[in-house]
Number of protein chains: 2
Amino acid sequence: MSTTAPQAPTKLQLLELLAAIGTAQWRDFAAAAAHHGLTSTQAKVLAQLDRPLPMRGLAALLVCDASNVTGIVDRLEARELVRREADPADRRVKNVVATDAGREIIRRVREEMQETHGALDALGEAESATLYALLERLRPTMEKDA
Amino acid sequence: MSTTAPQAPTKLQLLELLAAIGTAQWRDFAAAAAHHGLTSTQAKVLAQLDRPLPMRGLAALLVCDASNVTGIVDRLEARELVRREADPADRRVKNVVATDAGREIIRRVREEMQETHGALDALGEAESATLYALLERLRPTMEKDA
DNA sequence: CGCCAATACTTAAGACCGTCAAGTAAACAA
DNA sequence: TTGTTTACTTGACGGTCTTAAGTATTGGCG
């Protein structure tokens, strides 16, 4: 009953494995960020800023209170990694934009991550594709809130 | 060129997907913990206490400084979810033990997690097995530190 | 044995993250 | 205009985490 197919794991085992992978990934991210003097939260914010985003939008992406974002952006702005720009259409809104320095630093963090996670290189192309497809199926359900 | 096999994802795509899944999982865990008045850190500690562990051991598992553990255990102990017991063999050591209440509360958190992540139920048995095997292969490399 | 280094834990100070409650300013609608 | 909603900030408070210093115990070594 188990020639080619691996043993079927219990749901709990799978859950725990997923958690282990998740925390390992998070630790690597935090380490890479720290290496550049950023907290993981700061790096996470910077990672969203491919395009300008209002404070409110950032809060939504981070799933946290808007007042929290104020402080994080304050600290990033103090280091010139980010800029607040007035929105011409609505003067209540402040759009957060990554500076060149900001883009550069997050690029490096990602690079370092990618380097570290060369772990993925251990997978062949077919395996990568399979993993990707499976995770892609999990995603929508997991990102719905409880 | 894509009859049965899915498209091969770039390493970056896979990395981002893995991150997305990781943070979704973490959010669910935090939410379940909060539902029982625990921070995610506290829940994480409680989750380790299947068996008694010295403070030092906890710090190692959490990959953080020992002084940090003192505070976390203080708060858990104040709520009677955990107890410090003197180690008979080495009087410097304090073993942390989950109380019945502690075991019960973490059981419920897990249950709620498992409930939420009924997302995994969407996978068939064979798919679960494949996913498990793939993640299991990633694990050792990812858990090595940078 | 007596001394000294290593180990386990705690304490205190300081930074950051996160929440809630309250406040300001602008937009918008009746 | 008046009142409501929306975007953001501020302040207070608790939790997490680090670093540096301090206490107690262990264990090695002359």
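To find a chain, count down the sequence lines: A is the first, B the second, and so on, and within it residues start at 1.
In this structure, CG of B:Asp87 is placed 12 Å from C1' of D:dT25, rounded to the nearest angstrom. One atom, CZ of A:Arg56, and another, P of C:dA26, lie 18 Å apart when rounded to the nearest Å. Between B:Leu58 atom CG and D:dC17 atom P there is a gap of 13 Å when expressed in whole angstrom units. As rounded to whole Å, 17 Å separates atom P of D:dA24 from atom CZ of B:Arg84. A straight line from CD of A:Glu77 to P of D:dC8 spans 13 Å, rounded to a whole angstrom.
Electrostatic pairing of B:Arg108 and B:Glu111 does not count as a salt bridge here, judged by no charged N lying under 4.0 Å from a carboxylate O. Ion pairing between a basic and an acidic side chain is recognised when a charged N comes within 4.0 Å of a carboxylate O; B:Arg84 and B:Glu77 show such pairing. Note on A:Asp121 versus B:Lys11: salt bridge recorded, some NZ/NE/NH1/NH2 to OD/OE distance being below 4.0 Å. A salt bridge is defined here as a Lys NZ or Arg NE, NH1 or NH2 lying under 4.0 Å from an Asp or Glu carboxylate O, and A:Glu143 with B:Arg27 fails to meet this definition.
Within 6.0 Å of atom CD in B:Glu80, 12 or fewer heavy atoms from other residues, nucleotides or ligands are found, so the atom counts as exposed in its surroundings.
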Using a 4.0 Å cut-off on protein heavy atoms (strictly under), produce a 5'-to-3' string for nucleotides 11-21 of chain C with B for base contact, S for backbone-only sugar-phosphate contact, and - for none. B----SSBBB-
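Here the options are B:Leu76, B:Leu61, B:Val96, the test is side-chain contact (heavy atoms from CB on, under 4.5 Å), and the partner is B:Val45; only B:Leu76 passes.
Put simply, NZ on B:Lys94 and CG on B:Leu58 are 13.5 Å apart, with the number rounded to the nearest 0.5 Å.
Taking a 4.0 Å limit (strictly below) on heavy-atom distances, residues 88-97 of chain B reaches DNA chain D at B:Asp90, B:Arg91, B:Arg92.
At a threshold of 4.5 Å between non-hydrogen side-chain atoms, the residues A:Leu38 and A:Arg79 count as touching.
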